[in-house]
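To keep things clear, I will list the structure first and then write my remarks on it.
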Amino acid sequence: SGTIAASVSSRLALAPLSGLRRVASRVSARVAVRRCPTRSASVPATAALASDPDPTPPMSTRSVLWFRKGLRVHDNPALQRACEGASAVMPVFVLDPWFMSPERVGANRVRFLLESLRDLDETLQSKGSKLVVVHGNPTEVIPAALERWQCTRLCFETDTEPYAKKRDAAVVRAAKEAGVEVHAPSSHTLYDVERLLAKCPKGEPPTAYGTFLKIAASLGDPPKPVPTPDTIPGTIPGDVASLVSQLGSCATGHGIPTLEELGYPALPRGEGFPAAGGETEGLRRLRTTLAAPAYVAEFKKPSTSPTQMWQPADRAFASVKGAGSSGARPANPFEAAKRGGGETKIDAAALFAPSTTALSPYMKFGCVSARTFYHELHAVLRGLNGKHSKPPESLEGQLLWREFYYLAAAGTPNYDKMEGNRICRQIPWSWDSARLAAWEEGRTGFPWIDACMMQLRKEGWMHHLSRHAVACFLTRGDLFVHWEAGAAVFDRDLVDADWALNNGNWMWLSCSCFFYQYFRVYGPVSFGKKYDKNGDFIRHYLPQLKNMPAKYIYEPWLAPLDVQKKAGCVVGEDYPPPMVDHAAASKECIEKLAAAYKAHKEGKGGTIKAEPRVGAKRKAE
DNA sequence: TAATTGGTTGCATTC
DNA sequence: CGAATGCAACCAATT
């Protein structure tokens with residue numbers, strides 16, 4: 001089977017853990033960045049490009065614009081730079097078909113990417129350009145493109161993930177050797193991560209949000225978005241096929257493939273993640289959200305509901321506590337979107353949303369700029385006279401959490417592992433593949449947990465609090481399985497899987513870093529029940545339980561046998577019994593965490609303060 | 001150095 | 001039904 005659990009158990013026989021680690025690192029490290037040394041470290045926060053004048057490039061300059069993340073034309077400094085004085089711009093996306101396979105990346109994220117590429121191509125075409133999608137390895141394709149297309153300028157958005165840093169360093173090296181000028185502006189995050197890092201004492205990012213906020217504030221407002229170009233210099237003549245054919249054998253194909261061509265089963269619209277990928281849809285959803293000021297004003301992430309299913313946006317906006325009753329909600333939340341984009345196909349029924357914005361996949365791929373989000377959000381906040389939620393819970397707070405994790409990831413070697421990770425508690429997690437498989441496949445016997453995991457498998461998306469519930473259950477709450485295994489599952493299946501956020505949140509939930517109150521355990525029965533007494537969410541994702549009385553829907557094993565039979569769901573036959581006794585399991589986990597914390601404290605005291613403390617104070621055993 | 005404060009999102013029980 | 005409390009008491013940052 002193609003599960004992460006199977007990968008764990010098959011590799012365990014020969015080389016414990018290495019198989020999973022390899023898969024996890026490949027899957028997670030699809031995109032990344034290196035700051036280009038040609039750009040000054042002291043670029044002012046505003047006007048990232050205007051202040052960096054180029055010595056009048058010759059009109060014959062041809063640029064390669066390399067898209068990876070940042071699949072957009074708005075707030076795209078690399079695009080802006082590629083266009084400056086250029087006679088031709090070659091927008092390229094390099095698709096590695098080996099990487100885009102079902103065991104590495106789930107269908108929902110691949111489909112979202114393909115939709116985003118199609119949208120980007122359409123937008124580029126409307127501006128006189130087009131997207132050249134090349135199949136192959138980017139470290140071979142980009143140097144070949146520079147040479148064969150005779151391009152003397154390479155522009156791409158900086159990516160701070162380790163895999164991308166390494167990849168981009170190799171490409172930059174080749175480009176420099178060929179005499180190509182390279183520009184790699186920062187635009188994926190609110191701030192240039194390197195500038196944030198420079199503000200951290202000893203270059204070590206804070207592990208507390210409040211400390212991070214001070215560092216971010218010291219840089220002032222994030223840079224304003226750069227303008228969207230009306231027109232883009234055309235590519236050199238030829239259709240995509242003939243252009244790619246010039247690249248030689250490093251290109252193994254061209255064009256935007258279908259899911260089926262990549263080896264995935266069909267996933268028609270209407271199944272899976274409910275919204276289409278791409279900049280156009282991302283901006284539409286952003287602006288529709290921002291057109292509901294009451295929703296923006298009252299947004300508090302912990303108050304949103306993990307069991308609220310996707311529904312028309314006007315109802316979603318009303319669901320945030322207080323937003324529906326305040327009277328401030330506009331009669332038509334779509335007006336601003338219509339005004340902003342000149343769109344004609346906007347209608348309320350087409351924009352479905354859960355209780356949160358569901359913009360995360362657009363942020364992950366850079367279909368929506370964080371800086372555009374930030375500044376358009378602030379325009380709304382300014383109209384609210386301070387009467388709105390604030391970080392960390394607010395919408396702005398969510399953008400800053402993203403920034404927090406990007407900084408932590410960039411400043412922490414081995415960030416995606418426990419071993420060798422400076423900030424990560426060393427905890428003797430298990431790699432029990434049977435436990436992992438039950439969790440991964442949604443058959444733990446706890447309907448709330450299993451329904452969440454089925455939502456992940458089907459749609460590639462879960463509410464933030466659902467992610468908390470299942471992550472806690474897998475690690476410190478019940479199963480005591482390694483957080484790296486859970487992170488690998490999320491990294492494959494989530495439509496919004498983002499390396500910095502995913503690993504950071506798994507450390508958070510497993511009490512490995514950032515959060516430490518290991519005795520606060522999410523109940524696999526009680527937590528979901530708080531939001532959804534009747535269990536409609538469970539009934540939707542676990543149809544075998546749809547006729548179970550509400551009294552037993554979260555604990556079907558407690559239902560008398562005749563009730564189970566009447567509901568058509570006998571525990572042990574139609575649905576599994578609970579794989580652990582939660583009370584006993586969580587107690588054991590808490591004890592293990594307490595022991596690991598104690599060992600950490602003693603180890604730390606011994607190594608760091610051994611000398612000055614000799615004879616000064618008796619250590620706890 | 002020691003104490004204090006605050007920390008996006010627990011649960012069960014009580015008022 | 002929302003707020004308050006005990007639970008056994010974590011850590012990072014600040015003072």
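Below, read A as the first sequence line, B as the second, and so on, with proteins coming before strands; counting in each chain starts at 1. Quantities reported herein were computed from a predicted structural model and do not represent experimental measurements. In what follows, every heavy atom counts, from backbone to side chain, and hydrogens, waters and symmetry copies are set aside.
Rounded to whole Å, the C1' atom of B/dT1 lies 15 Å from the corresponding atom of C/dA13. When the C1' atom is used for both B/dA12 and C/dC1, the distance is 16 Å, rounded to whole Å. Across C/dA9 and B/dG6, the matching P atoms stand 23 Å from one another, rounded to whole Å.
Residue A/Y209 is in sugar-phosphate contact alone, with no base atom involved, counting any heavy-atom pair closer than 4.0 Å across all strands shown. A/K530 comes within 4.0 angstrom of the backbone, heavy atoms only, and of no base. Backbone-only engagement by A/G523 is indicated by non-hydrogen atom pairs under 4.0 Å involving sugar-phosphate atoms exclusively.
With hydrogens and angles left out, the side-chain atoms of A/S305 and A/H463 include no donor and acceptor closer than 3.5 Å.
Between the CD atom of A/E396 and the P atom of B/dT8 there is a distance of 15 Å, rounded to whole Å. Rounded to an integer number of Å, the gap from A/H468 NE2 to B/dT8 P is 11 Å. Atom CG in A/L509 sits about 19 Å away from atom P in B/dG7, given to the nearest Å. Here B/dG6 presents its P atom at 15 Å from CG of A/L213, a figure rounded to the nearest Å. Computed from coordinates, the A/L593 CG to B/dG10 P distance equals 16 Å when rounded to whole Å. Rounded to a whole Å, the CZ atom of A/F473 is 22 Å from the P atom of B/dT9. Rounded to a whole Å, the CD atom of A/E393 is 8 Å from the C1' atom of B/dT9. Straight-line distance from the NE2 atom of A/H464 to the C1' atom of B/dT8: 7 Å, rounded to whole Å.
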Next item on the list: Check the pair A/W401 / A/K301 against side chain to side chain contact (heavy atoms under 4.5 Å, CB included), numbers first and verdict last.
Entry: CA-CA 12 Å; A/W401 276 111; A/K301 188 70 160 282; over 6 Å; no

Notebook entry, point to check: Taking it one step at a time, do A/Y541 and A/W448 satisfy ring pair (Phe, Tyr, Trp, His ring centres under 6.0 Å)?
Noted result: CA-CA 10 Å; A/Y541 288 102; A/W448 159 243; over 10 Å; no

Note to self: Between A/Y415 and A/W499, does the ring pair (Phe, Tyr, Trp, His ring centres under 6.0 Å) criterion hold? Intermediate values first, please.
What the structure shows: CA-CA 9 Å; A/Y415 179 76; A/W499 188 82; 5.4 Å; yes

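Shown here, C/dA8 forms no base pair; nothing in the strands shown gives a Watson-Crick or G-U wobble contact with both key distances under 3.5 Å. The partner of B/dT8 cannot be assigned: no Watson-Crick or G-U wobble pair with both contacts below 3.5 Å exists in any strand.
Distances shown here put a side-chain N or O of A/S526 below 4.0 Å from the OP1 or OP2 atom of B/dA12.
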Which protein N or O atoms sit under 3.5 Å from an N or O of nucleotides 7-15 of chain C?
{"residue": "C/dT14", "atom": "OP1", "partner": "A/K214", "partner atom": "NZ", "Å": "3.1"}

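Ion pairing between a basic and an acidic side chain is recognised when a charged N comes within 4.0 Å of a carboxylate O; A/K587 and A/E591 show such pairing. A/E157 has no carboxylate O lying under 4.0 Å from a charged side-chain N of A/K69, or vice versa, which leaves the two without a salt bridge.
With a 6.0 Å cutoff to the six-membered ring centre and a 45° limit on the axis angle, A/R285 does not count as a cation-pi contact of A/Y362.
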